[in-house]
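These notes concern the structure reproduced below.
A note on names: the letters A, B, ... follow the listed sequences, proteins ahead of strands, and every chain is numbered from 1.
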2 protein chains.
Amino acid sequence: MRDVAALAGVSLKTVSRVVNREPNVSAPIVAKVTRAVERLNYRHNVGASNLRSRRTGVIGALLQDVSNSFSAGLLRALEDVARQRRHVVLTASLDEEVERERQLVGDLVGRRVDGLILMPATRDHSYLAPDLRAGLRVVFVDREPHGIVTDSVLVDNVTGAFDATRHLLGQGHRRILHLGDLDTIETAHQRQLGYEAALRAAGMRLDPDLVVTGQRTSEMGEEALLRVFDSPSPPTAVFASRNTVAIGAARALRRLGLSHQIALVGFDDFPLADLLEPGLTVVRQDVGLIGRMAADILYARIDGDTSPAERHLVPPKLVLRGSGEIPPRA
Amino acid sequence: MRDVAALAGVSLKTVSRVVNREPNVSAPIVAKVTRAVERLNYRHNVGASNLRSRRTGVIGALLQDVSNSFSAGLLRALEDVARQRRHVVLTASLDEEVERERQLVGDLVGRRVDGLILMPATRDHSYLAPDLRAGLRVVFVDREPHGIVTDSVLVDNVTGAFDATRHLLGQGHRRILHLGDLDTIETAHQRQLGYEAALRAAGMRLDPDLVVTGQRTSEMGEEALLRVFDSPSPPTAVFASRNTVAIGAARALRRLGLSHQIALVGFDDFPLADLLEPGLTVVRQDVGLIGRMAADILYARIDGDTSPAERHLVPPKLVLRGSGEIPPRA
DNA sequence: CGTGGTAATGACACCGTTGTCTTGACAGAT
DNA sequence: ATCTGTCAAGACAACGGTGTCATTACCACG
């Protein structure tokens with residue numbers, strides 16, 4: 001910048017003004033500086049600028065796994081909102097690891113991100129309190145904040161699971177397998193609750209043999225289903241509480257040749273779910289909407305909105321495609 | 001930091017040493033400083049640190065669309081390599097937009113990323129030359145650099161498309177539709193070349209009616225296929241040169257009730273391709289490997305490797321799942 | 001006991017910008 | 001002709017750290 005100033009014959013501050021497109025610089029000087037910038041291939045040092053001006057134009061996004069369509073879709077929505085402000089997104093995957101969350105939050109705070117979108121792996125977020133007091137803006141996504149008060153955008157998991165289960169019950173199913181994720185994961189727990197509530201509402205009792213939790217990957221889901229079906233009285237329907245697990249379940253049913261005999265409903269839509277045979281009935285969460293809401297709320301805070309933190313619930317939607325409409329076997 | 005130093009009764013520099021875990025600080029002082037850091041909720045300002053030390057611990061990744069499984073998988077692989085160094089990844093989606101590439105590259109360079117992974121939207125990259133001379137490290141992914149010399153990790157698209165087409169020819173197909181992406185996109189062009197080469201190798205001539213380019217989304221692919229099949233002598237096989245387009249093609253065949261009559265091979269694997277009915281035969285590119293290679297090369301450069309830039313070709317692999325093994329109708 | 005080497009700490013300038021304040025010039029009002 | 005206000009430009013001191021070098025203390029060695 002010093003060189004640019006020298007070449008253009010102006011002061012440092014004037015170059016700064018031109019680079020930042022500030023008003024009140026005469027046209028000939030703007031031209032001279034611009035020319036000097038180009039001649040010297042000057043690249044404005046955003047980091048130094050941030051140091052002085054106290055904002056970075058970066059938002060952080062800590063998601064579970066950017067290669068999963070849910071996180072990836074969310075990230076994309078965040079990015080689109082950020083881009084309108086010429087902001088940029090710093091992402092990382094947490095993989096449900098508690099330590100990694102702590103470390104990455106620390107890293108991003110150290111980098112002075114203007115705001116943070118967090119899909120937490122932990123269930124106690126009080127460690128964020130000092131940073132919140134210091135002005136950090138955080139919006140939780142998909143999972144509730146615990147031990148602190150901050151904005152959140154959540155899917156109504158209980159209702160979604162309730163609807164899915166009720167839908168299966170409505171077809172006459174009485175033995176419905178629930179393939180759940182780790183019960184320590186809040187959303188998984190809520191889906192479990194929704195499943196149970198639907199059974200109760202239908203006057204049924206929970207059969208513990210029909211609940212298998214701790215399923216994370218499609219491989220695990222596949223094996224779990226195969227195990228359960230290797231029994232004298234297998235279920236007639238399956239509710240898989242996660243996209244990867246639903247995929248595993250579909251794969252298992254396929255291997256068993258039961259795709260058209262056993263009903264299957266998944267939580268969380270994904271590309272191609274409609275192309276399976278039969279099409280996979282799912283509870284869909286609108287990722288694009290969730291991401292946009294979270295980003296909008298974050299930017300409202302950055303812009304100075306100091307209203308009380310809110311909990312925004314996005315309703316999920318049951319999408320019927322065939323697999324969930326298979327009646328129980330006679 | 002000043003406060004921490006005061007509370008611990010040491011100099012600024014000593015706090016800096018402790019925070020950065022530098023050697024040659026006595027244990028009691030480390031303890032004192034650490035305690036002061038915690039008492040004051042001190043957060044090290046990474047930006048200020050970068051300013052002096054001239055590296056940021058950030059790598060940039062400009063991909064086409066982080067919500068597409070290809071870009072998302074790549075991003076995830078990059079992130080995993082970066083994390084081992086406690087580095088962080090700044091991402092953005094280019095959506096094949098030339099202007100956005102320019103702008104985002106400028107932004108990331110301004111932010112002084114330590115290195116850049118670029119899946120370019122443009123076909124002339126000479127605009128990067130000044131930055132390269134100034135020390136910027138860039139590794140191209142999926143598409144070749146033009147007008148500059150730098151490392152790249154590419155998929156052998158010509159061979160992949162050649163193999164796919166030859167596979168279909170081997171089943172006896174003679175009328176093979178090629179649904180291609182925008183021909184201006186390098187990879188799409190190469191796949192077109194591979195398709196043509198396979199036809200030539202089989203002693204056949206290219207039928208221009210059987211080549212439809214410019215297909216980007218699954219919707220476009222679906223419609224294009226429907227149009228082509230609405231003719232007196234439709235093709236007996238389809239080669240879709242992109243994952244989204246293959247999905248659209250599969251959807252269209254499904255609508256036409258031809259899923260089991262018309263052969264289909266896609267380029268680019270994606271989750272669930274095996275679960276379609278029939279399973280989708282694809283040319284698979286190993287995204288994880290590509291991402292890891294690109295990141296490893298980038299870090300080798302960052303670590304001072306000054307050997308000549310290399311062009312790394314990753315061979316794609318034909319994965320047979322059924323849809324590509326359907327013989328032509330009698 | 002003097003010498004040289006190493007470990008632990010601190011002083012200070014500098015990294016590349018921008019916020020704040022000052023100055024000078026000029027236009028319009030009186 | 002004087003006063004006031006606005007615009008253009010610059011001087012200077014931060015922003016929050018770290019690289020470099022200097023200093024001191026201590027130890028081993030011949």
Side-chain angles (χ1 to χ4, degrees), chain A residues 1-37 40-58 86 106-114 131 134-136, chain B residues 1-37 40-58 86 106-114 131 134-136:
Chain A
M1 186 153 154
R2 202 185 347 258
D3 299 341
V4 174
L7 181 58
V10 299
S11 73
L12 271 181
K13 180 67 205 190
T14 298
V15 177
S16 170
R17 290 201 178 93
V18 173
V19 169
N20 291 304
R21 293 179 168 65
E22 284 177 30
N24 299 341
V25 184
S26 70
I29 290 219
V30 171
K32 256 200 301 195
V33 171
T34 308
R35 218 172 314 128
V37 162
L40 298 175
N41 288 126
Y42 166 74
R43 290 287 195 179
H44 190 59
N45 187 325
V46 181
S49 169
N50 294 337
L51 180 58
R52 191 68 172 92
S53 57
R54 305 169 138 330
R55 68 176 71 100
T56 56
V58 180
R86 307 210 57 194
D107 193 329
L108 296 192
V109 172
R111 289 177 190 281
R112 300 296 188 267
V113 292
D114 289 339
D131 293 310
L136 180 67
Chain B
M1 185 152 156
R2 198 180 356 252
D3 299 341
V4 173
L7 181 58
V10 298
S11 73
L12 271 180
K13 180 66 205 188
T14 298
V15 177
S16 169
R17 289 200 178 93
V18 173
V19 169
N20 291 303
R21 292 180 168 65
E22 284 177 30
N24 298 340
V25 184
S26 69
I29 289 219
V30 171
K32 258 200 302 194
V33 171
T34 309
R35 219 170 316 129
V37 163
L40 300 176
N41 288 124
Y42 167 73
R43 290 287 195 178
H44 190 60
N45 188 323
V46 181
S49 168
N50 294 338
L51 181 58
R52 189 67 168 96
S53 58
R54 306 167 137 333
R55 67 176 74 100
T56 55
V58 179
R86 308 212 55 194
D107 193 329
L108 296 191
V109 172
R111 288 176 190 281
R112 299 297 188 270
V113 292
D114 289 339
D131 293 311
L136 179 67

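Regarding contacts with the backbone of D/dG17, every side-chain N or O of B/Ser49 stays at 4.0 angstrom or more from both OP1 and OP2. Between A/Asn20 and the phosphate of C/dT18, there is a side-chain N or O to OP1/OP2 separation shorter than 4.0 Å. Residue A/Thr14 has a polar side-chain atom (N or O) positioned under 4.0 Å from OP1 or OP2 of D/dG10.
Note: CZ (B/Arg2) to P (C/dC12) measures 15 Å, nearest angstrom. Taking atom CG of residue A/Leu51 and atom C1' of nucleotide D/dT18, one finds them 12 Å apart after rounding to whole Å. Rounded to whole Å, atom P of C/dG16 lies 10 Å from atom CG of A/Asp3. We find that CZ of B/Arg54 is positioned 13 Å from C1' of D/dG17, with the value rounded to whole Å. Going from atom CD1 of B/Ile29 over to atom P of D/dA25 covers 14 Å, rounded to whole Å.
Rounding to the nearest 0.5 Å gives a distance of 10.5 Å between CZ of B/Arg52 and OG of B/Ser16. Interatomic distance, B/Thr14 OG1 to B/Lys32 NZ, rounded to the nearest 0.5 Å: 10.0 Å.
Checked against C/dT17, C/dT9, D/dA9, the side chain of A/Val25 finds its nearest nucleotide in D/dA9. Closest to the B/Met1 side chain, of the nucleotides C/dT17, D/dT18, C/dA11, is D/dT18. Taking only side-chain atoms of A/Asn24, from C-beta outward, the nucleotide of D/dG16, C/dT17, D/dA8 with the closest atom is D/dA8.
Using modelled atom types, one side-chain atom of A/Thr56 and one backbone atom of A/Arg112 make a donor-acceptor pair closer than 3.5 Å. Listed for the A/Thr34 side chain is a donor-acceptor partner under 3.5 Å among the backbone atoms of A/Val30. Judged by distance alone, with hydrogens and angles left aside, the side-chain atoms of B/Ser49 form no donor-acceptor pair with the main-chain N or O of B/Asn45 at under 3.5 Å.
Judged as a side chain to side chain contact (heavy atoms under 4.5 Å, CB included), and not counting sequence neighbours, the contacts of A/Asp3 are A/Leu40. Partners of B/Asp114 according to the salt bridge (charged side-chain N to carboxylate O under 4.0 Å, His left out) rule, which considers only residues two or more places apart in sequence or in another chain, do not exist here. In terms of the salt bridge (charged side-chain N to carboxylate O under 4.0 Å, His left out) criterion, residue partners of B/Arg43 (sequence neighbours excluded) are, by chain and number, A/Asp131.
Using a 4.0 Å heavy-atom criterion, one finds that B/Val46 contacts no nucleic acid atom at all. Among the heavy atoms of the strands, none lies under 4.0 Å from A/Asn50. When heavy atoms are screened at a 4.0 angstrom cut-off, A/Leu12 is found touching base atoms of the nucleic acid. Counting non-hydrogen atoms under 4.0 angstrom, A/Val10 reaches the backbone sugars and phosphates but no base.
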Please list each protein N or O that sits under 3.5 Å from an N or O in nucleotides 19-25 of chain C, with the distance.
{"from": "C/dG19", "atom 1": "N7", "to": "A/Lys13", "atom 2": "NZ", "distance (Å)": "2.8"}

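Where the helix from C/dC1-D/dG30 to C/dT30-D/dA1 starts and where it ends, the local axes point in directions that differ by 40°; five pairs per end, rounded to 10°.
Between A/Val58 and B/Arg111, the closest heavy-atom pair is CG2-NH1, 3.3 Å.
Along DNA chain D, the nucleotide nearest B/Asn45 and the nucleotide nearest A/Ser26 are compared for position; the residue whose nucleotide lies closer to the 5' end is A/Ser26.
Residue pairs meeting the salt bridge (Lys or Arg N to Asp or Glu O under 4.0 Å) criterion with at least one partner in residues 7-16 of chain A, sequence neighbours excluded, are absent.
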